[in-house]
Structures are given as C-alpha cells and as structure tokens.
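Before any comments, here is the structure.
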Amino acid sequence: MPPVVKIEEIHKIYDSGEVPVHAVRGVTLEIERGDFVALMGASGSGKSTLMNLLGCLDRPTRGRYLLDGIDVSQLDRNALADIRNQKLGFVFQGFNLLARTTALENVELPMLYGARKFTTKQIRERAMHCLDIVGLSQRFDHFPSQLSGGQQQRVAIARALVNEPQVLLADEPTGNLDTRTSAEVMGVFQKLNDEGITIVMVTHELDIAHFCKRNLILRDGVMVRDEAVSNRSFAATELEKLSSAEAAAKLTGAKT
Amino acid sequence: MRFGSIIKVALRALMRNTMRSILTALGIIIGVGAVIAMVSIGNGAKAQVEAQVASLGQNVITVFSGSMSSGGMRGGWGSSPSLTIEDAEAIEREVTGIVGVSPEVRDRNQVLANGLNWNTSVNGESPDYPDIRSWKIASGAMFSDQDVRSVAKVCVIGKTVADQLFANGDPVGQTLRIRNIPFKVLGVLDSKGFNLFGQDQDDAVLVPYTSHMKRLSRRSYISSILIQAASADVIDKVQKDITEVLTQRRKGREPDFTVRNQVELAQTATATTQTMTLLLAAIASVSLLVGGIGIMNIMLVSVTERTREIGIRLAIGAHGSDVLMQFLIEATILSSLGGVIGILLGIGSSQLVSHLNGWPVLVSTASVVIAFVFSAAVGMFFGFYPARKAAQLDPIDALRYE
Ligand SMILES: Nc1ncnc2c1ncn2[C@@H]1O[C@H](COP(=O)(O)OP(=O)(O)OP(=O)(O)O)[C@@H](O)[C@H]1O
Ligand SMILES: [Mg+2]
C-alpha cells in the first residue's frame with residue numbers, strides 16, 4: 001500500500017513582506033496509514049506552514065505532494081476544497097468553531113458542503129456519533145461560549161472526524177489546555193489512531209509528543225530528526241498518575 | 001450546500017443584528033412603500049377617469065364644430081359655428097353602422113319653477129340622446145321625434161335640477177320656465193355624477209334641439225353632433241365615413257369640424273396619469289438605488305466582520321460558490337423582506353389616505369409583484385459585489401484575520 005502522505009522536496013516561500021521568508025526548505029516525508037506523528041520544533045521553524053501545506057489550505061512554492069496517491073499540487077481551488085472536505089480533517093490551534101452555533105451544528109458543517117449527499121437525519125446521527133466519540137454527546141446543544149477550552153477542542157476534533165478523513169491534522173491541539181485536559185485530548189487521539197486513523201499533530205511539549213508513535217523535528221524549515229517513540233505514554237495510565245499526584249497535593253478530594 | 005441550510009444561516013445572521021438589518025432595509029421599505037401608495041392612488045384616479053369616459057356612452061363619436069386648424073389659426077372646439085342640422089341629417093342618412101344621432105346645442109340659463117330659480121345647462125338634444133349616453137330615465141319618459149318636429153315646449157331634467165326645483169313632489173307633469181317660456185317636464189334622468197372635467201352631469205335640462213334653436217338660443221348652428229356606432233368594430237369606419245360625408249358637403253372648403261371618438265378622448269384624459277407613472281418610476285428607481293447602496297454597504301461590513309467564519313467554512317470544504325450564495329441570499333432576503341414590509345406599508349397608507357380623504361385607491365397585483373421582484377433584484381445586484389469579495393477570500397488569510 002502506498003503511503004497516505006508523500007511530500008518530495010517541498011518549499012514554501014512567503015513573498016508578502018519586504019523580504020521573502022523561506023519558511024519550509026525542501027522537506028521530504030512519507031507517512032504510512034495508521035501512523036501517529038508529532039511534529040515539533042522551535043517557534044517560527046515552519047510547523048504551521050508545513051501543516052497548512054499538508055492540509056491543502058496553502059500551496060507549496062515548489063515540490064510535489066501526493067495525498068492518497070493524488071498529486072494535489074496541481075489541483076484548482078474547488079478541487080482542493082473537496083479534498084479538504086473528504087480526505088482531511090483539520091483541528092486548528094485556536095479551535096475555530098463557529099460562534100453562536102451549537103456544538104452539534106458545528107460538527108454537522110462539513111457534511112453540508114460535501115459532494116456526498118446525506119439526509120437531514122443521517123447528518124444529525126453522524127454528528128451525534130462523532131460527539132459521542134469525543135465524549136460530548138450530552139453537550140450537543142451548547143454554544144462554544146458555553147464550553148470549556150478542552151470541550152471546544154473536542155468539538156473541533158469531532159468536526160474533523162465527521163467525514164471519515166484519511167488523515168487527521170492537528171496544529172497544537174493541546175496548546176491552550178492544562179495537563180489533565182491535554183491528556184484527555186491525547187486519549188481521544190490514541191483511541192482514534194487505534195481504530196486506524198492516521199494522525200499528524202504539531203506540539204511544543206515533549207511529554208505530549210510521547211503519546212505519539214513517531215516524532216519529527218523541524219528546524220528553520222528543514223527536517224532535522226525523524227524517530228520512532230520508544231517509551232510511549234498512554235492516556236489511561238497518565239491520567240491515573242495525574243489523579244494520584246493531584247490527590248497527594250490535596251488539589252482534589254478524589255480517590256487515594 | 002443545501003438551500004434550506006443557506007436560508008437558515010442567512011436568517012440567523014440577519015437576526016443577530018436585528019436593528020442593523022431593519023435600518024438597512026429601511027431604504028427599500030420607504031421607497032417601495034411610497035411607490036405602492038402613490039401607484040395605488042394613481043390607479044384609483046385612473047380607474048375613476050376610465051369610468052367617467054365609459055359614462056360618455058358606448059362607441060360614441062363626437063363631431064365638434066370648428067377645426068383644429070383653419071387658415072393657420074387654430075381655434076378651440078366649437079369656436080366657430082359651422083355645423084348644421086342638415087349635417088346631422090346627412091350623417092344619419094348616408095353613414096351606415098349608426099344606431100343613434102343627436103345634434104347638440106347648449107347654453108346656460110336661469111330656470112324657474114315653484115317660485116325657485118336655478119342656473120343650469122340647457123341642452124338641445126334629440127330623443128336618441130339618453131340611449132347614446134347609456135343614460136336611463138328614472139321616471140316619466142324622454143321627449144319624442146314628434147316633439148322635435150313640432151318644436152314642442154317639453155323637457156327632461158337631470159337629478160340635480162329636480163332636487164333643486166322640485167324638492168318635494170314629483171316633477172313629472174309639472175312646468176318650469178326657461179327665458180319665461182313654460183316647458184312641461186316629461187321625465188327625470190337617473191343620476192350620472194361628475195364627468196371627466198368635474199362637471200355635475202345631472203345639473204342639466206334636456207329640450208328638443210329644435211325647441212332650443214327656435215325658442216331659446218335662436219341659433220341656426222348646432223355646436224356638436226353625438227353619434228353612436230353600432231359596435232366597437234365599426235367605430236373607425238363610421239368615423240371615416242362621417243368625415244367623408246361632412247367633407248363632401250363642404251365642397252372643397254377647408255374642413256371646419258373635428259371628429260373624435262371616445263377612445264381618443266380617453267387617451268387625452270389618461271395622458272396625465274402616464275406622466276405621473278413615469279415620474280413614479282423615476283422616484284422608485286432612485287429610492288431603490290439608495291436602498292441598494294445601503295445594503296451593499298452593510299454587506300461589506302458583514303463580510304469583513306465574518307471573515308473568520310468564511311475562513312472556517314472554506315477550510316472545511318466550502319466552495320467559493322457556496323460562500324457567494326450564502327451572502328447573496330442574505331442580501332436578497334434582506335431586500336425582499338424590506339420590499340414585503342414596504343408593500344404592506346404602502347397598501348396600509350393608501351387605504352388610510354382613501355379613508356381620510358375619500359380618494360379612490362386601487363392596489364394592483366401587478367404593482368405589488370413588480371415591487372417585490374425589483375426589491376429582490378436590488379438585493380441580488382448590490383449584494384453581488386460583497387458576496388464575490390467573500391467568495392474570493394483565501395482560506396488561510398481569512399482564518400488568520402483578526
Ligand atoms: N503569511 C505569512 N507571511 C509571511 N511570513 C509568514 C507567514 N506565515 C508565517 N510566516 C513566517 O514563516 C515562518 C514559519 O512560520 P510558522 O507559522 O510556520 O512557524 P511555527 O513553527 O508554526 O511557529 P509557532 O510554533 O510559533 O506556531 C516564520 O518566520 C513566520 O514569520
Ligand atoms: Mg504555529
């Protein structure tokens with residue numbers, strides 16, 4: 001089976017400012033189906049730029065990108081929109097949920113734009129199912145302003161999942177979350193990955209990267225390291241540890 | 001994206017800023033409302049004019065003495081006496097397709113009866129006159145051809161004259177005096193109301209035209225001839241034949257008469273209404289233009305405010321056309337809702353005007369439909385530029401927009 005993501009010598013140069021910024025400098029990468037990749041690097045190293053390229057939100061200046069065997073560098077605006085809708089799920093750093101729109105409706109959104117036609121009932125059921133996966137089905141009628149940061153992030157994940165994407169891309173999904181909520185979100189990712197979804201995520205935190213299977217490190221737009229994670233963390237055990245540590249610190253009165 | 005969802009999103013966006021939406025639609029509301037009100041009032045006036053034209057009688061042709069131009073000098077109708085009874089008789093004899101002819105002589109006289117007096121129009125007519133004008137006799141009877149031949153001192157009076165002179169009691173059989181000559185009242189005409197020029201048509205006394213010419217006005221000329229054609233189909237031919245007969249009788253002299261039919265009269269009467277309609281259309285287009293610019297302005301603001309939302313939708317897989325549709329429909333809903341409110345407002349205010357002033361108003365379906373279609377079209381037209389601006393946004397730039 002061919003890799004789901006294959007990029008060859010990809011470059012991105014931002015021309016908008018006075019000096020052109022060479023944000024990604026010839027990255028070559030293959031990601032197999034079922035992989036779980038953490039992309040790390042210092043601020044400004046080009047992680048978000050690379051994620052936007054992988055997410056078909058932006059076009060590379062040079063290089064080739066094969067997604068699921070399709071050369072997406074040649075596609076037009078509408079074809080790219082369809083790829084984003086059908087093959088990719090994107091979780092943004094700032095959640096990017098529609099305000100004044102319920103959690104359920106936010107999750108339904110990708111199905112409204114897809115080429116695939118669903119009935120209203122199917123749309124509702126699938127959205128509810130995805131909210132269930134991220135453990136938020138009880139809060140389906142809440143607006144984003146009524147949800148915590150972690151809950152909003154989980155709604156965003158449910159939205160990314162709803163069209164059954166080939167690859168789930170997440171740009172700093174835990175960036176705004178505390179340790180416990182981060183572990184919870186990583187638990188959701190691990191569960192999805194166990195079910196076979198390929199995940200690529202950006203993170204700054206090394207312990208978050210340890211939840212993944214493979215770590216990539218980017219420096220000044222160049223891939224400097226690509227290694228498998230040996231001592232992988234698992235959400236269930238990490239949450240257990242957190243609970244006992246919190247109990248010890250009398251933060252909560254929960255189990256001893 | 002499905003139509004239902006687009007409409008839902010658009011309505012929600014408009015409702016989020018209810019006040020702003022109302023203020024934006026206000027331009028359209030006022031414009032459409034004003035136009036509907038004015039058109040309804042104008043239509044009412046037009047319908048009234050048409051009813052008055054119809055009250056002239058069916059398929060009526062009038063011959064006026066005096067021509068539109070004689071020797072370079074243009075006189076008014078009836079300005080130079082030239083028509084004679086012989087002309088009327090020749091028309092009756094030689095033109096086919098005629099059902100009635102009435103030579104007319106008119107002047108104003110003081111009329112006395114029961115010790116009361118009243119200044120009214122005394123008209124010399126033939127017995128055909130009520131039929132030509134589709135004017136019924138309320139009581140009594142019209143004078144006869146025999147009365148015309150014998151230059152009889154008989155008359156038929158209009159409702160107003162009957163009310164003024166014979167307030168209590170039946171006028172039929174009584175006598176009234178015109179220029180001190182007693183005339184016997186044979187009948188009373190039905191009420192017919194005001195004519196095109198605002199004159200009370202019931203304020204008249206009809207006498208045989210011979211009596212008028214020999215006993216009252218002592219004229220040898222008649223002022224006009226009223227002719228009724230058998231049907232609308234022959235009216236043009238009859239009009240032509242009349243002109244021909246009269247021209248022949250004048251043996252090469254310059255024509256000193258004018259033949260007009262009812263349709264032409266109606267056209268003259270409605271010419272003002274048409275000018276008004278044009279003026280209204282101008283007002284309407286200016287107000288819709290202003291309203292449309294207001295919509296464009298607010299839609300541009302809305303697109304800027306919702307750049308992030310647009311970015312999210314594009315990132316999730318919306319095509320440019322989906323976003324275009326969304327904003328276009330929002331603008332169209334805004335303007336057509338404004339149109340609907342304006343139409344209701346216009347109908348309401350025209351009803352109010354009719355209630356207060358007693359003016360006739362007529363709300364035509366066509367004007368309502370046109371107003372609605374135009375207001376929707378304005379939204380579409382002025383919403384297009386902002387909508388296209390939204391559709392052409394780059395997903396990343398839009399997502400990054402603060
Ligand atoms: N739209 C843009 N126009 C010009 N330069 C840009 C643009 N976006 C990013 N850059 C530049 O490209 C480089 C890489 O930016 P990028 O956002 O990919 O970094 P990052 O690794 O995601 O950083 P962080 O961890 O802070 O999010 C930076 O130097 C940045 O200034
Ligand atoms: Mg970044």
Side-chain angles (χ1 to χ4, degrees), chain A residues 12 14 16 23 48-49 51-53 55-59 76-102 105-120 123 143-144 155-156 159-163 165 169 171, chain B residues 1-21 298 301-330 333-334 387-402:
Chain A
K12 179 70 192 181
Y14 289 111
S16 50
S48 294
T49 306
M51 285 299 269
N52 288 342
L53 292 174
C56 293
L57 285 163
D58 213 350
R59 283 169 205 277
D76 69 13
R77 217 173 122 90
N78 284 345
L80 281 181
D82 289 337
I83 294 268
R84 288 198 295 272
N85 188 260
Q86 298 301 319
K87 295 199 183 290
L88 299 169
F90 211 105
V91 181
F92 303 95
Q93 185 168 0
F95 315 140
N96 276 336
L97 297 176
L98 290 188
R100 299 180 203 83
T101 307
T102 63
E105 284 170 318
N106 263 295
V107 178
E108 285 174 352
L109 210 56
M111 287 185 281
L112 300 181
Y113 289 117
R116 278 192 286 171
K117 295 284 168 258
F118 300 100
T119 64
T120 313
I123 289 180
F143 293 106
V155 173
R159 183 177 66 188
L161 288 177
V162 83
N163 267 346
L169 300 163
D171 193 354
Chain B
M1 196 169 170
R2 286 189 246 179
F3 210 63
S5 326
I6 297 184
I7 295 208
K8 205 168 101 186
V9 170
L11 283 178
R12 199 181 287 173
L14 291 175
M15 248 128 81
R16 197 173 298 158
N17 288 305
T18 320
M19 195 60 192
R20 189 167 92 179
S21 304
I298 280 301
V301 171
S302 182
V303 167
T304 311
E305 275 178 357
R306 283 151 69 193
T307 303
R308 238 182 132 77
E309 176 196 324
I310 297 165
I312 293 171
R313 289 180 187 276
L314 288 171
I316 269 167
H319 285 194
S321 57
D322 292 317
V323 175
L324 184 92
M325 268 312 253
Q326 188 187 321
F327 281 91
L328 211 52
I329 284 183
E330 197 175 312
I333 288 180
L334 189 60
R388 204 186 54 156
K389 217 179 134 181
Q392 286 177 341
L393 283 174
D394 183 74
I396 301 223
D397 291 344
L399 278 174
R400 233 181 248 139
Y401 183 84
E402 290 301 332

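First the proteins, then the strands, lettered A, B, ... as listed; each starts at 1. Just so it is clear, the model here is predicted, and its values are computed rather than measured.
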Rounded to the nearest 0.5 Å, how far apart are CG of A:Leu112 and CZ of B:Arg313? 8.0 Å

So which of A:Leu88, A:Leu98, A:Asp58 has the largest heavy-atom pair count under 4.5 angstrom toward chain B? A:Leu98

Can you name the nearest heavy-atom pair linking B:Ala315 to A:Leu57, along with the distance? CB-CD2, 3.6 Å

Taken to the nearest 0.5 Å, the spacing of A:Tyr113 OH from B:Asp322 CG works out to 6.0 Å

Hey, does the side chain of A:Arg100 reach the backbone of B:Ala13 with a donor-acceptor pair shorter than 3.5 angstrom? no

Is any side-chain heavy atom of A:Arg84 less than 4.5 Å from a side-chain heavy atom of B:Pro395? yes

Can you see which heavy atom on A:Asn96 is nearest to which on B:Ile312, and at what distance? O-CD1, 3.2 Å

Nearest non-hydrogen partners of B:His319 and A:Asn78, listed with the distance: NE2-O, 3.3 Å

Rounded to the nearest 0.5 Å, how far apart are CZ of B:Arg400 and CG of A:Asn52? 6.5 Å

So what's closer than 4.5 Å to chain B heavy atoms on A:Leu97: side chain, backbone, both or neither? backbone

Nearest heavy-atom pair of B:Ile316 and A:Pro110: which atoms, and what distance? CG2-CA, 3.6 Å

For A:Gln86, is it the side chain, the backbone, both, or neither that has a heavy atom closer than 4.5 Å to a heavy atom of chain B? neither

Against chain A, label B:Arg306 side chain, backbone, both or neither, depending on which of its atoms sit under 4.5 Å from a heavy atom there. neither

Measure the CG-CZ distance between B:Asp394 and A:Arg77 for me, rounded to the nearest 0.5 Å. 7.0 Å

Heavy-atom nearest pair, A:Ala81 first then B:Ala318, reads CB-O, 3.8 Å

Is there a side-chain contact between A:Thr101 and B:Glu309 (heavy atoms, below 4.5 Å)? no

B:Ser5 side, atom OG; A:Met111 side, atom CE - distance, nearest 0.5 Å: 11.0 Å

Nearest 0.5 Å please: distance from the CG atom of A:Leu80 over to the CG atom of B:Leu314. 12.0 Å

